[in-house]
Every structure is written in C-alpha cells, then in structure tokens.
Asks: 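Sharing a structure below in structure tokens format, with a few things to ask.
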Amino acid sequence: MGKKTIAFLLTGGCAGCEMALVDLADRLVDALEHLEVVWWAPTVADLKYKDLEDMPDKSIDLAFIDGMVRLSEQEHMVKVLRQKAKILVAFGACAALGGIPGMGNLHTKDEIFKTVYFDTFSTDNPDGVVPQTKYLVDGKYELTLPEFYDTVRAIHQVVDVDYFVGGCPPHHEFVAKAVEAIIAGNLPPKGSWITSGKSVCDVCPRNPANKGETRTPIKEVKRTIEGAPEEDKCLLQQGYLCLGPITQGDCGASCPKVGIPCRGCGGPIPGIKDFGARAISAITSLLKDEKTVEQLMEKYPTIAKLFYRYSLPSALINRRISR
Amino acid sequence: MSFSPNIVGFACHWCTYTGADLAGSLRCKYPPTIKLIRVPCSGRVEPEFVLEALARGADGVFVGGCHFGDCHYKEGNYKTSRRMMLVKKLLEELGFEPERFRLEWISGAEGKKFAEVMEEYTEQLKKIGPNPLKGGE
Amino acid sequence: MRKIEINPITRLEGHGKITIFLDDNGNVDEAFFQVVELRGYERFLVGMPIEEVPRTVSTICGVCRGIHFTASMKAMDEIYGVKPTPTARKLRELFLNAHFVEDHAVVLYALGLPDFVVGPDASPAERNIVGLVQKVGVELGKEVLRKRACAVKIFEMLGGKPIHPVTALPGGWAKRLTEEERQEIEKLSEQLVELGKLTLQIFDDVILKNEKYMELVTGDMYKVVVNYMGTVDDQGRVAYYDGTQRVVDTNGNEIATFTGKGYLDYIAERVLPWSYLKMPYLKQIGWKGIVDGEGTSLYSVGPLARLNAANGMDTPLAQEAYEKMYETLKAKPVHQVLAYHWARAIELLNAAEKCLQLAKDPEITSPDTRVEVGEATGEGVGIVEAPRGTLIHHYKTDKKGIVKEANLIVATTHNKGPINLAIRKAAKHFIKEGKVDEAILNHVEMAFRPYDLCLACATHAVTKGTIPFQIDIYTPKGELYQSLKNF
Ligand code: SF4
Ligand code: SF4
Ligand code: SF4
Ligand code: FES
C-alpha cells in the first residue's frame, strides 16, 4: 500500500492544534512512514492558491483544517482544499465549532474595529484611520488586505466536512489514536465526530456516579475564584459550573483533574445539535430553584460567553442580530 | 397589508393543550397566528426547540405548562421555569426583543385565559414586527 | 513600478505578508510588512469574569501557549488586589521557564539554526530541522527532541493541559505539586540544563568558528538600529515573570523605566490603513514614521532586546554566555538581528537553570497555593516577557471582576516596526537591478526569522521546505514576470 497523502491548512486559529501534532514527537515520525505531507501552509495567501489549485481534484487523501473562517482569504482557501481533498477533517474546536474566536459573533465588525482601532487605551489614531482592503500608500504603493467578514463560521458552514475532531486543541494522546484509526482506514460514517464517545464526566475521577453516589440539587452557584473546591468531589456538585456532562471527554477530563471546571472545548457529546442550549438545560436541571438561576446570571452576566465559549458559530442562532 | 405574526407554541398535553382545546369548544376567539405543538410536559421543551423555531423564522415562541404544583411529573414545570429564565437571557444577548419568547402557566380549565394570552401576544408581536432573522435562511 | 509579494510569510498573532516595490531600475523602492488577520479578542472578552480570561486569551497563540495566560493572570492579581503566595509564585515561574525552554528550543532548532548549520545557500529542501539533524547527527538530533519534550511535560503537569493551560487563580495556582511530582520535575529540569549547554555548544561550533557566518552575524545587511525594551529584576538582570520594564536607546542609554499601568505613558500604537496590526512607538519621542537610526521612536523586544536592555543574567552559566556574546560582538546594544538567535540560546540555558533551581526548592510543594479574594479593584495590568518579547495585558472590570474593557499589546506587535525595517534593509541589500533569485528569497526570510514569527516551527517539523513562501514579481503592466518559491 502506498503512502497516504495529507495536507494541513491553518485558517483563523492559533496553531495550537498543530502544536498538538508536533507534541506527538516520535509518534508523528512513525505516522509519517504511512503519510506523506504534500501541503502544509501555516498561512493562507492569494498567491499560494495557485499551487493548491494546480493539484488535480481529489488528489489529497486526507486534509485537515484547523481554525475558523473570518476572512475572505480563509474562505477561498477552505473551498480550494475541499476540492482537492478526498477526506476533509475539521480539526479542533475552531474548525469544528467556531472556537473561542467565535465569540466575536456577539459583536459586529464595526464594534470590533471601533474597540481595536479607536477605543483601546494605547491606541493612537489621530486621523481616524481604519485598515482598508485596498490602500495606496504615499499615492503610489498599492497594498491589499483580505476582507474581514461580520460573522465567524465553522468549516462545515463553508464546505462539506467529512469528519470532526473536538478539543482546543485535541489532546495529543487522542490525536495519536485518531491518526492511527485514519491510517488503518478504520473510519466511522461521514459526518461523524471522531471521538471515544464518552463524556468528560464519564472519564472524570470526581464523578459521583462512578462512586455510586447520586447527584443532588445545587444550592449555590460559585465562580472558580470562590473558595477552594473539595478534592475528589464533583465540581458541579459543589456549585462550580462544569460543562463536563455534555462535553466529549477525549481529553481525559484534563481540567477537572486540576480542580478547574470544563468549558466544553471537546465539543458536544453525540446527538446534541446546539451545545450552549443543551448546556443551559443540563445545568438548570441541577440548580435548586429560581434563586440559584438568578445567582448564575449575576455571576456570569453574559451567559453566551459561558455556555458557547467554544461553539457560538455552530449554534442554531449563531450570532447577535444586527439591525 | 398588516403583518400577521407566526407563533410557534409548545403546549403541555395535560394543561395548556387541553386549555387551547377548551378555548375552541367555548368558542372563545383567538387569532390563527399560533401553531401549537403538543408535548408530554413543559419540561420536555428543550432550549434547542425555542432556538430552532426562531432560527427558522418564527416571530414568537410560546411555551405553556401547568401551574406550579400541578405538573403531572411533579417537577417538570419547575425545571421549565428555571431553564426558560436562561433561555430568555440568552435571546436577549443574541439581540432579540424580550417579546419574542413567552412562557405562561395555563391549566386545562383556563380556555379563556389561553385565548386572551394569544390575543395579547399577537398584538405585541404585531407591534415589534417580523423576526429579524426571517429571510436570512 | 514592479511589485513583489512574499506571501505567505508565516504566522504570528495572525497571518502576514511582505510586499516589495521595485523602481524602474529594478532596485528596491519600498517594502512593507503587513499583518492580514484580526480576531478581536479585545472586544469579546468584555462581559467575562476576569478569572475566565487567562484560559481564553491563551488561544491567541498556540505556540506561545502559556504567555497570554500568564500576563492576564498577573492582571487578574492586580484586579483583586492580591499577591501570589510564595508557592504559587514559584509554580508560576517554573511553568513559565519551562515554557521558555520548550519554545526557544523549537524556534532555534526549527527556524534559526538550520540557516547556519546547513548553510544559508543550501537548497531549501535541506535547510530545515531534518537537514540539521543529518548534519549534526541523528542521535544528537533525537536527543534534542527528547530533551525539549521534558519541558513540555513540566508545562502540562503544572498547567493542566499540554497546550492551553487552565490553572490560573487570582494570587494562586490551582495545581499543587506532590513530592513525587517535584522529584520528577527536578529530573526533567536537569535534562533542560543539558539541553541549554548543548545548544550553546552547537552555536559555538557552527557559527562562532565559521568566519563567513560571523560576517552575516556582524554585517550591516541585518542591522536595524532601534531602541530596545525588556524586563529586568531589582539588580538590572534579565527577568521574565516579573520586574521593571526598561527601555534603552540606540546607544544603550536608559531612557525609560516603568511598571504596570505606566506603560501608557511610554507606548502608543499607531493605526495603519494597510495592516490589521497596529504599530507601536515610544510616546515620549513621538511618531517618526518607519525609520531606524538615532532618534527613531521604534523599539524592539525579544531575546536580543532583553539582553541589550539588561546588565546581565541571574544564573551562573547563562551569565558566562552573556559576557561572551558581548565580548565577541564588541558592542552594546547589539543591533544585528541575527544575534537574536544567540541571545535566544543564552536565555534557553538561563530558563533551564531557573527551572532546576525552582524544582529543588522545598517550598514548591507547599499546599499554600490559594488566597481569599474580596471585591475587585477594577483595574489591572499584567506585563510579562514572552519568548518573543514583552507582552502587556490591561483590563478594567466592575467591582465583581467582570471585564469592561481590555487592551492587549503582544510581542510581535512591538516588533512590527523593526520587522518592517529589517525586511526593507535586506531587500535593498540583496535585490539589485531587478535580479531576484532563490538565495535572495532566503536572505530576506532570514531578516524576519530572528523575530520569531511563530508557527513555521510546526511546518518545519514535518515538511521538506522551510516556511513555505513564494515571491511573485509582476511587471508594471501587472503581468507575472517571475515566480520564486522555496517549496
Ligand atoms: S481549537 Fe484551540 S488550539 Fe486549535 S486553533 Fe482553535 S484556539 Fe487554537
Ligand atoms: S461535572 Fe465536572 S467535575 Fe463533575 S463529574 Fe462531570 S466533569 Fe467531573
Ligand atoms: S475538561 Fe473540558 S474544557 Fe477541559 S480540556 Fe476537557 S473538554 Fe476541554
Ligand atoms: S405536565 Fe404540564 S408542565 Fe409538566
């Protein structure tokens, strides 16, 4: 069997997903015996489109995208890669769900520009300048920038995606398993998440169910700065809003293990359409009464930024309505 | 032509849905703006249902359940009330007018109340106009 | 006029490109470094509780995974008016220093050294970490990778996650170390010190002993004369986690020191219509445009800038190396950007020595890693040294610690002006009479590589090229005239 060809594209992400691969170190080297990297662009740019465009369609066996789509350039690149790849994987929270930068969807492009280019404390903008997609410097040097869209999108909102992998970034232990499965051709049906299928709670050492205890209503909502959580006891049970119950646990419950609640970077467990909406229902089911809900809203004044920390662009309603 | 809002309603089988039936047989008139979906208990209404209705262009979403103490499953409507507090808050953060969502406790005997609520809700929605997402998708 | 675009270069806090304009004689008229990405963190952090911010801003960059996290954590301390407990502070420093070792190692071995070890004119197919490993020996190469992994391990043990950490608390640290873990970290840290020594040794053998390379290191084509900013401790030595920010001018004279919120008196960021990244300058000198030389208001940050701004290093082996560098280069400040790599190797050893010191400290396993917090003061600035240079996070909150406003100045942003200068300089030096070839391409690349625009490292690890980029040259009519690429 010949080597499989693979490609990587970083769009609007942080490269952490690719660092997760680098952290595989020797295992990555082993994997490269079966894989040949034909294209890996840390950045995207119009002049390089040609190179990818020149490849025959469907000539790449397996392509990964990490990062969301915010710029015209990213959108174009994602489309080109889709055309060239047999299998396309949305790799990590940004690509699969929109990720942390997806919280930008609670603001308009104008609001973001106003903050960044006018209101921030150290900004000096005497002429009220805003970056332009086309600009003539000194009347003779023409420079261009890609267009900044109003809305952040996950990859499947731009092109068809074959597989999704959660995590910000995917944990390297899990990445190794996923890569091995791909090499072996051992793949689930198209459109699936590549996941162990367990929730964070399922793999969490604090889980009351694993100790034969049952959950009781939560009387007080606590922020992580309030007091120290008891060791070995479920964080949610102690009032810290942990999203472990509805999040894929491919990370092995990294955060709860160090006493910090899960924020859902693993993505929704199978069957959930809208992560934030389901988080609301899972958490409120456990809160004792309306007073506790009020307390939650007081402690987390923008609930969308709690429940949709990693997934707003892929929600049923995926941005703030602008009029 | 004046705007006639589209309301999607989720009604508990044991109370609000029966109340709506009663309204019909009492011949209490209420506007044809509401499309009722019967659910076994208001506690069955997931926040996703509300979001999906709005995402698909409903101008208003209504959830009706039993009065506190009357829920067939004891706790269902308490859970609904807690849940919907956050749904309301979320919709606000997403830029919707508070009127786009309405939660009411209406028993099977309150046919008249059901009709009145529908009348009033329709008027409210007429005032604020169509769902801004409409036509978007 | 001909226009050349080098696109893409590599990532930093976003994506970037270089555009060069040639005059009618084919010489370089002007060159621009543009950042073409923006994600808007400053806006969407608003409304979040400040303790949620560190684990969120960490995703600004997955390469300097622990830095935005640390800066915002320090701002959070100030917002709650608390100081970290001695143990929490040590855990944070250990975490940060391990991060420095791991990050500097990636940058040096994947980006910086291949140019020298394999040779700047070698074919692009060899000029990468694989070529480097072949040149220095496979065993040695593997050794380097294994030792770097030790630093990643320490980072994960302390931060909870291998990339985006989660353990920040105001005045505290959520992860406590057991004695077994401490012992493990001590062993790992010994490996890091070995890595530091080894790196300087390779540097010595490959560069210092090679006259041709030393010409590049000391020559004018990579010289950018600007001011320098770095953090120093109370004795004026290089510091990463905390200290005073010191700025020295082009002659090495101290022209400013500040801490915390004081940054606003010294730094301003100019908005440019042709880049999504703002360009900072020294406020007291005033905006002078993109020029170098005495009197410029541009400044740079990062390893060389830190060493230029300080009096020395706080660990013995690193101090020795520091003295040797300035003796060899016979100037301070050093303006040759290739010396960034040297400074980076010295810092790697320094951070490794610090890891070992901290790992041996018995206090580091104390359970005292949390403090009680009360009402928020409403404002906090966190300044920390990233491997790439000074990073500033500034937040305003309400009394409950909910973010109202945020301002972030990242390391690459400070360097925007100097990078632009370095590119212009190298382009002017190497592109003459319209002649552009592959070697030129790499020499221009070598001008910005020392500033360490991060992601390329990931690319280097597995692909055959270096940072994949391409220069297309267009005639004045806009027709493609020549296309050069390194992949
Ligand atoms: S998912 Fe997380 S690690 Fe991956 S690119 Fe996005 S922010 Fe970075
Ligand atoms: S809610 Fe959080 S702490 Fe509790 S069991 Fe689940 S993952 Fe663990
Ligand atoms: S516990 Fe949750 S937030 Fe933490 S790594 Fe796992 S999925 Fe992500
Ligand atoms: S049965 Fe009517 S609300 Fe539960």
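From a predicted model like this one, the values you see are computed outputs, not experimental measurements. Convention: sequence-line order gives letters A, B, ...; per-chain numbering from 1.
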Asks: Please classify the contact of B:Glu48 with chain A as side chain, backbone, both or neither, using a heavy-atom distance under 4.5 Å.
Replies: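 Its backbone and side chain both get close to chain A.
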
Asks: Go through the steps for B:Glu93 and A:Thr302 under the test side chain to side chain donor-acceptor pair (under 3.5 Å), then give the verdict.
Replies: CA-CA 7 Å; B:Glu93 289 175 12; A:Thr302 313; 4.9 Å; no

Asks: Check whether more than 12 heavy atoms from other residues, nucleotides or ligands sit under 6.0 Å from atom NZ of A:Lys211, and answer yes or no.
Replies: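 Yes, the 6.0 Å shell around NZ holds more than 12 heavy atoms from other groups.
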
Asks: Counting only heavy atoms closer than 4.5 Å, note whether A:Lys288 contacts chain B via side chain, backbone, both or neither.
Replies: backbone

Asks: Would you indicate whether the side-chain heavy atoms of B:Leu94 and A:Asn318 approach each other to under 4.5 Å?
Replies: no

Asks: Where the side chain of B:Arg82 meets the backbone of A:Leu287, is there a donor-acceptor pair that is under 3.5 Å apart?
Replies: yes

Asks: Counting heavy-atom pairs under 4.5 Å to chain B, which of A:Ala315, A:Gly276, A:Ser285 comes out on top?
Replies: A:Ser285

Asks: Please determine whether side chain to side chain contact (heavy atoms under 4.5 Å, CB included) holds for the pair A:Asp289 and B:Tyr78, giving the CA-CA distance in whole Å, both sets of side-chain angles, and the decisive distance to 0.1 Å.
Replies: CA-CA 8 Å; A:Asp289 49 24; B:Tyr78 286 102; over 6 Å; no

Asks: Treating B:Lys89 as the side-chain partner and A:Ala304 as the backbone partner, does any N or O pair qualify as donor plus acceptor under 3.5 Å?
Replies: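 Flag not set: sc B:Lys89 to bb A:Ala304 has no pair under 3.5 Å.
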
Asks: For a 4.5 angstrom cut-off between non-hydrogen side-chain atoms, does A:Lys273 reach B:Glu52?
Replies: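 Yes, their side chains come closer than 4.5 Å.
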
Asks: Using a 4.5 Å cut-off on heavy atoms from C-beta on, say whether the side chain of A:Phe307 contacts that of B:Leu90.
Replies: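 No, too far: nothing below the 4.5 Å cut-off.
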
Asks: Has B:Lys88 got more than 12 heavy atoms of other residues, nucleotides or ligands less than 6.0 Å from its NZ?
Replies: yes

Asks: How long is the straight-line distance from CG of A:Leu306 back to CG of B:Leu86, given to the nearest 0.5 Å?
Replies: 9.5 Å

Asks: Does A:Lys190 NZ have over 12 foreign heavy atoms under 6.0 Å away?
Replies: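 Result for NZ/A:Lys190: enclosed.
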
Asks: Which bit of A:Pro301 is near chain B, if near means a heavy-atom gap under 4.5 Å: side chain, backbone, both or neither?
Replies: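 A:Pro301 touches chain B through backbone heavy atoms alone.
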
Asks: Give, as side chain, backbone, both or neither, the part of A:Ile272 having an atom under 4.5 angstrom from any heavy atom of chain B.
Replies: both

Asks: What part of B:Glu75 gets within 4.5 angstrom of chain A, counting heavy atoms only: side chain, backbone, both, or neither?
Replies: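 For B:Glu75, no heavy atom lies under 4.5 Å from chain A.
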
Asks: Got more than 12 heavy atoms from elsewhere within 6.0 Å of CZ, B:Arg56?
Replies: no

Asks: Is the number of heavy atoms from other residues, nucleotides or ligands within 6.0 Å of NZ (B:Lys35) greater than 12?
Replies: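 Yes, NZ of B:Lys35 has more than 12 neighbouring heavy atoms, counting only those of other groups under 6.0 Å.
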
Asks: Between B:Leu51, B:Val87, B:Val50, which shows the greatest number of heavy-atom pairs under 4.5 Å with chain A?
Replies: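 Most heavy-atom pairs under 4.5 Å with chain A: B:Leu51.
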
Asks: Once you round to the nearest 0.5 Å, how far does CG of B:Leu54 lie from CD1 of A:Ile317?
Replies: 5.0 Å

Asks: Does CZ in A:Arg320 sit with more than 12 non-hydrogen atoms of other residues, nucleotides or ligands closer than 6.0 Å?
Replies: yes

Asks: Compare every heavy atom of B:Pro47 with every heavy atom of A:Ala277, then report the nearest pair and how far apart it is.
Replies: O-CG, 3.5 Å

Asks: Please state whether the side chain, the backbone, both or neither of A:Ile303 comes within less than 4.5 Å of a heavy atom of chain B.
Replies: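 Both backbone and side chain of A:Ile303 come within 4.5 Å of chain B.
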
